[in-house]
Amino acid sequence: MLSRRTLLKTLSLTPLARATAARAWPLRPSVLDGGARESLRTLAARRGVVFGSAAGSYQLGDSEFAAVLGREAGILVPEYELKRNLIEPSPGHYDFSGCETLVKFARNFGMGVRGHTLVWHASNPAWLPDAVQSRRDSSLMTDYIGTVMARFKNNIHSWDVVNEAIAPGDGRKDGLRNSFWLEAFGPAFIDDAFHAARAADPVAQLVYNDWGCEAGAPDNDRFRAATLSFLEQALARGVPIDALGLQGHLAAFGAKVDQTKLARFLDDVKAIGLRILVTEHDVDDTGGPSAADERDRAVADASRRFLDVVLANRATVAVLSWGLSDRFLHSPGLRQRLSGYSPRMLPLDAELNRKPMWHALAQSFAQA
Ligand code: G3I
């Protein structure tokens, strides 16, 4: 955890801001940097949107980064510390420590926190799939939802109740992903998860989160159609879904965002009464030129193409990047490290400088 002294030293606040900060805790971004510099947090807020980032509690020990995170982000999402493999490593044994560190940090900076994720086919403890398939007892899912949501009640902006349950490539007519959840409980596991979440918290924003709607390929067309059909039918059954989470993992040198198809899809999502969140935005820069400035430009262009469309839709309420700085991105492999490649997928570089992607986000917020 950051001490106030460390934070003030790190930020070398102006005398006025220092005096204010010494009195008022939590600090606010405008106090942190004397209000002189806009941040993605302030630019997004002016548009009525909250901007934030994924983070891991280990990153908060980097005081220079933590101070910048506190300035730029208005909301956090645990990148992996609210997933079941970390939360319930063995049946009935819960470890909330990593997530609670993030929640405390967010509270100190007046930030929201997203809950990611309650029901997913991945990042589960090894014992869970076996238990689900042998016992076929849906309380293995619904009790977990109730326990975790109760622990963080009134601290979570929105919950990714179910993550990545749609995969038309799996060949099902309903477009759902073949998973141990579906195999054990049928498609109704999604409805049951959302009803359990609503029962656990009558006011929380409940989100269905997935990826694949951004580009214009036939696979993306199938994903958009399957997602819209799933959402329409679920809402017609009375399933309490409040919003669609678009992960927003893009490729700088791969398939481009199809702005026309994406805009039409988002209009359809808004028309059925759902809010929209961008939940995991980053831009993979592999496959392009080696020059960092060329990669940075392509990353920024991809981000801008995507966010201009998403922010044009009034149902959009949040944009989170999947990390704030390249500092914590681990280069994929030795070969790429030897080639000097290190990922440049996020708004700030490893030295916490604002990259073209930061400016692309800022311009998207400013012009929305
Ligand atoms: O557990 C260690 C921890 O002890 C250590 O301090 C920390 C820092 O080195 O690393 C932790 O390890 C791994 C962590 O990533 C590091 O970031 C976890 O074991 C590993 O499971 C975790 O992987 C995450 C993955 O989901 C699975 O949960 C990735 O960070 C995360 O980026 C990725 O995110 C997913 C979204 O949840 C869903 N959408 C796709 C997205 C990208 O795959």
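Residue indices begin at 1 and follow the sequence shown. In each ligand, atom 1 is the first atom listed, and ligand 1 is the first ligand listed. Computed from a prediction, not measured in an experiment: that's the story for all the values here.
- Per-residue contacts place Glu164 under 4.0 angstrom from the following atoms of ligand 1 (heavy atoms of the residue considered): 38 (C), 39 (N), 40 (C).
- Protein heavy atom closest to atom 39 (N) of ligand 1, with residue, atom name and distance, is Glu280 OE1, 2.7 Å.
- Counting heavy-atom neighbours within 6.0 Å of Arg84 CZ, excluding the residue itself, gives a total above 12.
- Considering each of Arg84, Lys83, Glu79, the one bringing a non-hydrogen atom nearest atom 35 (C) of ligand 1 is Lys83.
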Review point. Can you list the steps and then say if Phe194 with Tyr208 is a ring-ring contact (aromatic ring centres under 6.0 Å, His included)?
Key: CA-CA 9 Å; Phe194 277 94; Tyr208 172 75; 7.0 Å; no

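- In Asn163, the part holding a heavy atom less than 4.0 Å from any atom of ligand 1 is the side chain.
- Salt bridge absent: Arg177 and Asp170 never bring a charged side-chain N and a carboxylate O closer than 4.0 Å.
- When every heavy atom of Leu69 is checked against every heavy atom of Met111, the shortest pair comes out as O-CE, 3.4 Å.
- In this structure, atom 21 (O) of ligand 1 lies nearest to the protein heavy atom Asn85 ND2, 4.3 Å.
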Exercise for review: For side-chain contact (heavy atoms from CB on, under 4.5 Å), just list the numbers for Leu250 and Val299, CA-CA rounded to whole Å, side-chain angles, deciding distance to a tenth of an Å, and then say yes or no.
Suggested key: CA-CA 9 Å; Leu250 306 181; Val299 163; over 6 Å; no

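- Of the possible donor and acceptor atoms, one in the side chain of Thr316 sits under 3.5 Å from a partner among the backbone N and O of Val310.
- On a distance-only criterion, Trp120 and ligand 1 share no N/O pair closer than 3.5 Å.
- At a distance under 4.0 Å, a protein heavy atom can be found next to atom 37 (O) of ligand 1.
- Taking every non-hydrogen atom of Ser123 and a distance limit under 4.0 Å, the qualifying atoms of ligand 1 come out as 27 (C), 28 (O).
- Here Trp322 has side-chain heavy atoms under 4.0 Å from ligand 1, and that is the only part of it that gets that close.
- Counting only heavy atoms, the protein never gets under 4.0 Å from atom 4 (O) of ligand 1.
- Checking atom 13 (C) of ligand 1 against the protein gives no heavy-atom contact under 4.0 Å.
- Salt bridge present: Arg136 and Glu183 bring a charged side-chain N and a carboxylate O closer than 4.0 Å.
- Shown here is Arg314, whose CZ atom has no more than 12 heavy atoms of other residues, nucleotides or ligands within 6.0 Å.
- For atom 30 (O) of ligand 1, a protein heavy-atom neighbour is found at a distance under 4.0 Å.
- Atom 26 (O) of ligand 1 is approached by the protein to below 4.0 angstrom, counting heavy atoms only.
- Among all non-hydrogen protein atoms, the one lying nearest atom 7 (C) of ligand 1 is Tyr80 OH, 3.3 Å.
- One finds no salt bridge joining Arg327 and Asp349 here, because no Lys/Arg side-chain nitrogen approaches an Asp/Glu carboxylate oxygen to under 4.0 Å.
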